[in-house]
Amino acid sequence: MYHLNLTEFSQEEFLRDYWQKKPVLIKQGFVDFQDPISADELAGLALEEEVQSRLIYKKNNSWQAEFGPFESYDHLGEKDWSLVIQALDNWSEDAAKIIEPFRFIPHWRLDDLMTSFATAGGSVGPHLDLYDTFICQGSGSRRWRVGNKGEHRQFAAHAALLHVEPFTAIIDVEMQAGDILYIPPGFPHEGVSLSNSMSFSVGFRTNSTVSLLSAFADHLIDNEQGGELIEDPHRKATKHSGAIDADDYQLIKNQLQQLLNNDDVFRNFTGSYLSQAKHELDLAVIDEPLADEDISEILAANNLNRIGGLRAFYFTETVDSGICYIDGNEVTFSPEIVPVIKLLCDQVSVSVDELSTWRTNKEFVQFISQQVEAGYWYFAE
Ligand code: SIN
Ligand code: CO
C-alpha cells in the first residue's frame, strides 16, 4: 500500500490552497517509495498491441515520437530517450495502487496512471497539460522545471508533440524517489532525467463544455432520446417574417433546456459517460459461469477486487433507488444491497469481512455473478 505523507498541509488545505490553483512539490510524499514495476517490465508491456505506448527522443537535435507496440529498443542507445505508457493502472495491479492515496479526490475526476521510464537526458519536452497531475518520482532522479500559468505559445515540435516555448521557472527541483510534484492544468513544465529513472503520473481529467455536449448528443442518438419536435400550435401572425422574436428564441432555448433539466435523462448520460473507460481494460475473463452457492462459498475466503482502470460510480441522489454506472452502462440492482454496491464503487477491494453479511444475499450474489462473468471484478485471496 502507498501512503501519502503530507507534512506541510492537510488534504483539505491542499485542496484549498493548491488544487487547480498552483503547483507544489510534496517532498517525500511517499516515504521509502519502491517502483511497483521495473523498467524491463514496462518495456515488455510496450511490446503489447493493447497497451498505449510512446517513445520520445531527439535525433540530430529534432524531436521524434514513435508509437508502440514496439519490437525492439536497439536503436535507442544509453541516453536521451523516454518510454511513456498510458493507463498502466489497467495493466499492473501493483502500479494501480499508486492511485489509492489520491482517493480524497473523487474517482470520476481521475483519468489514468501514466508512467515513464527515461534514460539520462530523456524528456518529453516542455509542454502544457489540460489536466491536473501528480508526478510521483520513482527510482532515479529527474530535474523538473515548472513555469507560471499565462500566455505560453504552443507549437508542434513533432506531429505528435505539442511543446511550449522556453519559460521562466517558478519551481526548479531535482526530484528523488518518493517526491511528488502536483501541477494544475495550464502550467508549463519539463522533466529531464538525470539518470535512468521512473516516473508515475496520476492524472485527473476534466471535460470541456463542447466535449460534454457532443457526448450528450451521441448518448441521445444511441438511446433514441431527444427526438421531440419544437411545437408552436398557438402561433400569432407576424409582420416581420425575417425576425426571430424573443418568444421564439425562448421556445428554441427551452427545447434544449428541457432535456438538460430532465434529471433522468441527464443523470443517465453523466453516469454512463463518466464511467466509460478511455483505455482498453484487461478483463478478468472466467472459463465458466459460477453457481450462486459457489460464489457464496468463495466469498467466505476471498476479497472482491475490481480490475485496474474500471470506473464504477453512483449518484448520492439515486443510489437508494438501485442505480449505478459501471464501465459506461447504467446498472440496476435491488435497493436492499445499496450498502455493498457503494463499497464496490468506493473501493478497489472489498474484504471478506465487509462481504460477510452480503455473501449469502441472493440479490448480491446475482449481481456479483454478472460482474464477475463480465470480467469486471474477480476473487482475490
Ligand atoms: C513524464 O513522465 O516524463 C511526463 C509527465 C508529464 O509531464 O506529465
Ligand atoms: Co505533463
Side-chain angles (χ1 to χ4, degrees), residues 1-2 30 33-57 64-102 110-125 127 129 131 133-142 158 160-161 177-178 180 191 193 195-205 276-285 305-311 327 348-349 375-378 380:
M1 260 322 258
Y2 293 94
F30 289 130
F33 184 87
Q34 303 289 328
D35 292 337
I37 187 168
S38 69
D40 279 350
E41 286 169 318
L42 205 64
L45 273 177
L47 307 177
E48 308 282 339
E49 185 85 45
E50 312 76 42
V51 178
Q52 253 192 48
S53 56
R54 277 179 304 157
L55 273 171
I56 296 156
Y57 56 96
Q64 308 291 323
E66 291 173 19
F67 291 86
F70 301 107
E71 284 175 4
S72 116
Y73 302 97
D74 294 345
H75 59 302
L76 293 166
E78 303 274 293
K79 37 196 232 30
D80 298 335
W81 58 271
S82 301
L83 170 67
V84 180
I85 307 269
Q86 279 320 131
L88 182 65
D89 47 324
N90 292 24
W91 304 103
S92 161
E93 203 179 341
D94 287 338
K97 291 186 178 138
I98 295 180
I99 293 172
E100 290 307 292
F102 299 99
L110 182 83
D111 193 0
D112 72 340
L113 177 72
M114 191 185 89
T115 301
S116 72
F117 166 74
T119 52
S123 169
V124 302
H127 65 279
D129 288 320
Y131 4 103
T133 172
F134 292 90
I135 299 174
C136 310
Q137 180 64 46
S139 58
S141 61
R142 278 187 205 184
H158 172 276
L161 289 176
I180 301 172
S193 207
S195 56
N196 279 0
S197 74
M198 299 281 279
S199 169
F200 302 88
S201 302
V202 181
F204 287 80
R205 66 159 91 167
Q276 268 165 28
K278 222 159 86 177
H279 302 275
E280 189 160 340
L281 294 170
D282 189 16
L283 297 174
V285 183
N305 284 11
R306 93 164 66 149
I307 57 162
L310 182 73
R311 301 169 73 85
D327 192 25
V348 286
S349 178
Y376 291 145
W377 270 270
Y378 61 94

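From a predicted model like this one, the values you see are computed outputs, not experimental measurements.
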Backbone of [Y] reached by a side-chain donor or acceptor of [X] within 3.5 Å:
{"X": "Tyr376", "Y": "Arg306", "result": "no"}
{"X": "Arg142", "Y": "Ser197", "result": "yes"}
{"X": "Ser82", "Y": "Ser123", "result": "yes"}

Residue pair [X] / [Y]: nearest heavy atoms and the distance that separates them:
{"X": "Ala277", "Y": "Asp327", "value": "N-OD1, 3.7 Å"}
{"X": "Leu88", "Y": "Ala95", "value": "CD2-CB, 3.4 Å"}
{"X": "Ile307", "Y": "Tyr378", "value": "CG2-CD2, 3.9 Å"}
{"X": "Ile85", "Y": "Ala46", "value": "CD1-CB, 3.7 Å"}
{"X": "His279", "Y": "Asp112", "value": "NE2-OD2, 3.6 Å"}
{"X": "Leu55", "Y": "Trp81", "value": "CD2-CE3, 3.8 Å"}

task: Take Trp91 and Glu50, measure what side chain to side chain contact (heavy atoms under 4.5 Å, CB included) needs, and give me the verdict at the end.
output: CA-CA 10 Å; Trp91 304 103; Glu50 312 76 42; 3.5 Å; yes
Working to the nearest 0.5 Å, report the span between [atom1] of [X] and [atom2] of [Y].
{"X": "Leu281", "Y": "Arg311", "atom1": "CG", "atom2": "CZ", "answer": "10.0 Å"}
{"X": "Ile99", "Y": "Phe134", "atom1": "CD1", "atom2": "CZ", "answer": "12.0 Å"}
{"X": "Phe67", "Y": "Ser53", "atom1": "CZ", "atom2": "OG", "answer": "9.5 Å"}
{"X": "Ser38", "Y": "Asp40", "atom1": "OG", "atom2": "CG", "answer": "5.0 Å"}
{"X": "Leu113", "Y": "Asn90", "atom1": "CG", "atom2": "CG", "answer": "9.5 Å"}
{"X": "Asp111", "Y": "Ser201", "atom1": "CG", "atom2": "OG", "answer": "11.0 Å"}

- request: List the steps and the verdict of side chain to side chain contact (heavy atoms under 4.5 Å, CB included) for Thr133 and Val202.
  value: CA-CA 6 Å; Thr133 172; Val202 181; 6.0 Å; no
Is the shortest side-chain heavy-atom distance between [X] and [Y] below 4.5 Å?
{"X": "Phe117", "Y": "Ser199", "result": "no"}
{"X": "Met198", "Y": "Ile37", "result": "yes"}
{"X": "Arg54", "Y": "Glu66", "result": "no"}
{"X": "Met114", "Y": "Val84", "result": "yes"}
{"X": "Ser116", "Y": "Val124", "result": "no"}
{"X": "Glu93", "Y": "Asn305", "result": "yes"}

field: Over 12 foreign heavy atoms within 6.0 Å of CD, Gln276
entry: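 Buried by this count: over 12 neighbours within 6.0 Å.
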message: Would you say that more than 12 heavy atoms from the other residues, nucleotides or ligands in this model lie under 6.0 Å from the NZ of Lys79, or not?
response: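 No, the 6.0 Å shell around NZ holds no more than 12 heavy atoms from other groups.
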- prompt: Does a donor on one side chain and an acceptor on the other come within less than 3.5 Å for Thr119 and Asn196?
  reply: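 Asn196 and Thr119 do not have a side-chain donor-acceptor pair below 3.5 Å.
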Residue pair Arg205, Lys278: steps toward the side chain to side chain contact (heavy atoms under 4.5 Å, CB included) verdict: CA-CA 11 Å; Arg205 66 159 91 167; Lys278 222 159 86 177; 4.2 Å; yes
Gln52/Glu280 under side chain to side chain contact (heavy atoms under 4.5 Å, CB included): CA gap, chis, key distance, verdict: CA-CA 9 Å; Gln52 253 192 48; Glu280 189 160 340; over 6 Å; no
- prompt: Is it true that Tyr131 and Phe204 have ring centroids separated by less than 6.0 Å?
  reply: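 Judged by ring-centre distance (under 6.0 Å), Tyr131 and Phe204 do not meet the cut-off.
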message: Below 30° counts as parallel, above 60° as perpendicular, anything between as tilted: where do the rings of Phe33 and Phe200 land?
response: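 Taking Phe200 first and then Phe33, their aromatic rings sit tilted (interplane angle of 30° to 60°).
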